[in-house]
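Take a look at the structure below.
In the text below, chain A, chain B and the rest are named by the order of the sequence lines, each starting its count at 1.
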Protein chains: 2
Amino acid sequence: MLNQSQAPVERMFQALGDPTRRALYERLSRGPASVSELADPLPMSLPAVFQHLQILEASGLIRSEKRGRVRTCRVEAGGLREMEKWIAGRRAMWERALDRLGEYLAAQDDAQPPRRRG
Amino acid sequence: MLNQSQAPVERMFQALGDPTRRALYERLSRGPASVSELADPLPMSLPAVFQHLQILEASGLIRSEKRGRVRTCRVEAGGLREMEKWIAGRRAMWERALDRLGEYLAAQDDAQPPRRRG
DNA sequence: CGATTGGTTAAGCATTCACTTAAGTAACAC
DNA sequence: GTGTTACTTAAGTGAATGCTTAACCAATCG
């Protein structure tokens, strides 16, 4: 798997690549919830949901806190920001690449005299 | 795995959850490249890279075109946009949830007379 | 033409992943 | 105290994933 350094944003992408975890995250973006509240509508066992929550939390997308015997989960704002930053970075590189292509083509035009008007 | 409907954005997240594919995508965001150019710096076989490229293309993050015997891959702009849209949607929901919480707390304040000034 | 290059397909294999059930543990209810 | 609730841990299983090597095919080269 070429396990090189596992950047946090990568664990976020991986976390959201699973439909269950995406559903959990969408639910939590509507407001905090306990583990069993989250598990209730899902067609799987509570330990399974708990494992998914652990993965989401390890990725930095959510955060949770235990009071008494109930653990309340909520979205971690920083997570979204990390992903947005990564995407913005790729977009910037890609747009710069397009610019370079434009400059290159312009330079080609300068070097070779235009056919129509020559 | 709760295989419900596999939204396109989900396949993108899943695609970028792998370090190799993330590296491929980063390379391509700097400009187009052929399959073997992409495979060259990576510590794995060409078929392996090819499979990763297929996954990236199936997710809609990249696009490729074959001329003669060389296939040229490039970033698909729409892919980034899809992911940004999804993230923006979650952020919006999350911020709305915070607003609701604020309103709720304000209502609580109105209902109960303030302690300090009462 | 035959040899090489660039990609593609196929089959197999080891690991990881998404579950499961069973068995804890700790907080609260009675 | 006993029982119930809410989570947690552990162990196991089948399927999906990330590779591999060994062909195979079409385009280009000599």
Side-chain angles (χ1 to χ4, degrees), chain A residues 1-7 10-28 31-59 61-74, chain B residues 1-8 10-28 31-74:
Chain A
M1 207 242 239
L2 187 91
N3 200 0
Q4 52 180 10
S5 82
Q6 186 76 314
E10 193 162 293
R11 285 192 292 181
M12 293 179 191
F13 281 136
Q14 198 166 175
L16 291 176
D18 178 86
T20 302
R21 287 192 292 265
R22 210 163 59 97
L24 287 170
Y25 188 78
E26 298 204 358
R27 164 65 188 82
L28 285 176
S34 75
V35 174
S36 23
E37 279 167 0
L38 290 167
D40 207 45
L42 295 176
M44 68 183 66
S45 69
L46 194 122
V49 173
F50 183 70
Q51 284 168 15
H52 283 302
L53 289 171
Q54 281 184 128
I55 290 170
L56 281 169
E57 185 157 19
S59 80
L61 280 168
I62 72 168
R63 153 173 70 92
S64 77
E65 191 187 358
K66 194 163 183 178
R67 288 179 63 97
R69 55 185 169 169
V70 25
R71 174 174 298 277
T72 303
C73 307
R74 63 192 73 240
Chain B
M1 206 243 234
L2 187 90
N3 200 2
Q4 52 180 11
S5 84
Q6 186 75 316
E10 193 162 293
R11 285 192 292 182
M12 293 180 190
F13 282 136
Q14 196 165 179
L16 291 177
D18 179 84
T20 302
R21 289 192 291 265
R22 208 161 61 96
L24 286 169
Y25 187 79
E26 298 204 358
R27 165 65 189 81
L28 285 176
S34 74
V35 174
S36 23
E37 279 167 359
L38 290 167
D40 207 46
L42 295 176
M44 67 182 68
S45 70
L46 193 121
V49 173
F50 183 69
Q51 286 168 13
H52 283 302
L53 288 171
Q54 282 185 128
I55 291 170
L56 280 169
E57 185 156 20
S59 81
L61 280 168
I62 72 168
R63 154 172 68 93
S64 76
E65 193 187 357
K66 194 164 182 177
R67 290 178 62 97
R69 55 184 171 170
V70 26
R71 174 173 298 277
T72 304
C73 307
R74 64 190 72 242

Worksheet entry | Distance in Å, A:Leu16 CG paired with A:Leu61 CG, rounded so as to fall on 0.5 Å steps | 5.0 Å
Item to complete: Kindly point out which of C:dT8, C:dT20, D:dT21 is positioned nearest to the side chain of B:Phe50?
Response: C:dT8
Worksheet item: When we call it a touch if two heavy atoms are under 4.0 Å apart, what does B:Arg21 touch: a base, just sugar-phosphate, or nothing?
Response: sugar-phosphate
Fill in: Length of the line joining B:Phe13:CZ and D:dT17:C1', which is rounded to integer Å
20 Å
Item to complete: For the side chain of B:Ile55, starting at C-beta, report the closest nucleotide among C:dT9, D:dT8, D:dG18.
Response: D:dG18
Fill in: Nearest-angstrom distance from the residue atom CG of B:Leu46 to P of C:dA10
17 Å
Worksheet entry | Distance, nearest 0.5 Å, that separates CG of A:Leu38 from SG of A:Cys73 | 5.5 Å
Discussion item. Using the side chain to side chain contact (heavy atoms under 4.5 Å, CB included) definition, which of the options B:Leu42, B:Ile62, B:Ile55 pairs with B:Leu24?
Written reply: B:Leu42
Worksheet entry | Sidechain-backbone polar pair: A:Arg21 side chain, A:Ala15 backbone, donor-acceptor under 3.5 Å | yes
Discussion item. On DNA chain C, compare the nucleotides closest to A:Pro47 and A:Arg69; which residue's is nearer the 5' end?
Written reply: A:Pro47
Fill in: Between P of D:dG18 and CZ of B:Arg22, the distance in whole Å
14 Å
Worksheet item: Do the side chains of B:Gln14 and B:Ser59 get nearer than 4.5 Å, heavy atoms only?
Response: no
Worksheet, complete the sentence: Quick note, A:Val35 side chain, CB onward, closest among D:dT8, C:dT8, C:dA18 is D:dT8
Item to complete: To the nearest Å, give me how far apart CE (B:Met44) and P (D:dT17) are.
Response: 16 Å
Worksheet item: D:dG18 P sits how many Å from B:Leu16 CG, rounded?
Response: 12 Å
Worksheet item: To the nearest Å, how far apart are B:Gln54 CD and C:dT8 C1'?
Response: 8 Å
Worksheet item: Can you find a side chain N or O atom of A:Lys66 that sits less than 4.0 Å from OP1 or OP2 on D:dT8?
Response: yes
Discussion item. It should be established whether B:His52 places a side-chain nitrogen or oxygen under 4.0 Å from OP1 or OP2 of nucleotide D:dT17.
Written reply: no
Item to complete: Would you mind reading off the distance between B:Arg11 atom CZ and D:dT17 atom C1', rounded to a whole angstrom?
Response: 16 Å
Worksheet item: Atom CZ of A:Arg67 to atom C1' of C:dC28: distance rounded to whole Å?
Response: 15 Å
Practice prompt. Establish, with yes or no, whether the OP1 or OP2 oxygen of D:dA22 is under 4.0 angstrom from a side-chain nitrogen or oxygen of B:Ser45.
Written response: no
Practice prompt. Name the closest nucleotide to the A:Gln14 side chain, picking from C:dT20, D:dT8, C:dC17.
Written response: C:dC17
Discussion item. So, OP1 or OP2 of D:dC19: does either fall under 4.0 Å of a side-chain N or O from B:Thr20?
Written reply: yes
Item to complete: Taking only the side-chain heavy atoms of B:Val70 (C-beta and beyond), determine which of C:dG7, D:dC19, D:dA11 contains the nearest atom.
Response: C:dG7
Worksheet item: B:Ser36 has a side chain; which of D:dT17, D:dC19, C:dG7 sits nearest to it?
Response: C:dG7
